[in-house]
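Each ligand, and each atom within it, is numbered from 1 in the order the structure gives.
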Amino acid sequence: MKKILLLSTGGTIASRTAGNGFVPAAEAEDLLCLIPELKDLCEVRYATLMNLDSSNIQPEEWADMASAVFRALSVCDGVVITHGTDTMAYSSAALAYMLQNLNKPVIFTGAQIPIEEPDTDGKRNLKDAFSAAVDGRLAGVYIVFDGSIISGICAKKVYSKNRHAFESINRKPVGEIVEGVVSLYDTSERLIDGPLTLNANFDSSVLLVKLTPGSSSAILDAAVSLGYKAVVIEAFGLGGIPNVRRNLLPSIRRLTAQKIPVVVTTQCVYDGCDLGIYHVGVSAVEAGVVSAGNMTTEAAVVKLMWILGETTNFDQIIERFCKGEHGL
Ligand code: ASP
């Protein structure tokens with residue numbers, strides 16, 4: 001029988017009402033007690049790593065999760081992590097970057113309704129996550145939610161209440177789970193070229209700027225003095241950045257001249273950036289920005305934090321950011 005570790009970190013799935021809003025309180029053991037049939041699927045180990053609303057999960061917690069997974073995978077066949085949905089896409093991307101050459105499954109899941117409530121989606125999601133973990137064909141970091149299996153670097157929370165909280169952005173979901181049966185659509189194997197490694201250094205000095213019509217360049221000009229070492233601009237459409245009135249390009253040029261990487265993502269949910277189509281994209285490239293292509297904003301921000309944890313050399317940051325498919 002496969003050995004699967006459940007690491008609980010909090011979120012709605014573990015929440016209870018406390019009179020002043022839901023607070024994560026149930027421990028890993030409490031979650032498991034509600035799904036006794038998991039014992040027929042695998043040998044279940046468990047630990048409560050933290051009990052946080054995911055709004056409070058930050059790079060320090062990503063490092064704790066990745067270290068726990070790294071240790072567990074020397075003895076377990078896979079890990080299921082229960083986590084709040086709000087920042088799950090950031091955490092799944094973070095673990096995907098931190099844990100290189102993963103040859104076992106690390107499955108994030110959670111719920112929109114607490115597992116102890118009668119109409120919860122948590123039981124189904126947790127069961128599905130275990131089914132994915134024992135399946136034997138998945139290696140890497142995934143989110144399993146409402147029957148979808150999504151690569152951890154392509155996920156985005158798209159509903160704040162609906163059970164179908166996550167979608168796979170710019171890549172098909174990896175598969176689906178219906179009544180415990182796992183079907184994979186994407187069976188392409190990722191290249192694993194060495195032993196599992198853990199690099200949990202993150203530098204969170206990444207500024208994310210979402211443009212609006214009328215955005216001033218003041219925030220870009222202040223970035224360096226505020227301590228930021230990289231900037232992500234969530235631009236319009238295919239990656240358009242104003243270059244006439246309230247022209248942001250001089251500020252971008254000043255940032256890149258100071259060796260601060262400026263990455264462009266899009267405010268659109270689907271299809272990513274293409275800076276070569278419109279002049280408002282081409283002129284941004286001329287000013288020194290780098291396109292995040294098909295990456296989500298979540299993955300782009302997390303990847304920059306991860307790279308900055310290892311190097312502050314401008315050319316190396318750009319090279320590593322652009323390397324491979326999401327650099328995995
Ligand atoms: N606020 C919760 C969290 O992210 C929402 C959820 O888990 O669905 O922790």
Gap separating the NE2 atom of His83 from the CG atom of Leu49, nearest 0.5 angstrom: 10.0 Å
Backbone or side-chain N or O of Ala111 under 3.5 Å from ligand 1 N or O: yes
Note: ligand 1 atoms sitting under 4.0 Å from heavy atoms of Asp86 are 1 (N), 2 (C), 3 (C), 4 (O), 5 (C)
Taking only non-hydrogen atoms of Gln112 and a 4.0 Å limit, the atoms of ligand 1 in range are 8 (O)
Heavy atom of the protein closest to atom 6 (C) of ligand 1 (residue, atom name, distance): Thr12 OG1, 2.7 Å
Closest protein heavy atom to atom 4 (O) of ligand 1, given as residue, atom name and distance to 0.1 Å: Ser54 OG, 2.5 Å
Ligand 1 N/O within reach of Lys157 N/O, cut-off under 3.5 Å: no
Considering only heavy atoms of Gly11, which atoms of ligand 1 have at least one such atom less than 4.0 Å away? 7 (O), 9 (O)
Taking side chain as C-beta onward, heavy atoms only, is Cys273 less than 4.5 Å from Leu238? no
Other residues, nucleotides and ligands only: do more than 12 of their heavy atoms fall within 6.0 Å of CD on Glu179? no
Can you tell me how the ring of Phe166 sits relative to the ring of Phe145, calling it parallel under 30°, perpendicular over 60° and tilted otherwise? perpendicular
Nearest 0.5 Å please: distance from the CD1 atom of Ile143 over to the CD1 atom of Ile81. 10.5 Å
What pair of heavy atoms forms the shortest contact from Ile4 to Val134, and how long is it? CG1-CG1, 3.7 Å
Check this for me - ligand 1, Thr85, N or O atoms closer than 3.5 angstrom, yes or no? yes
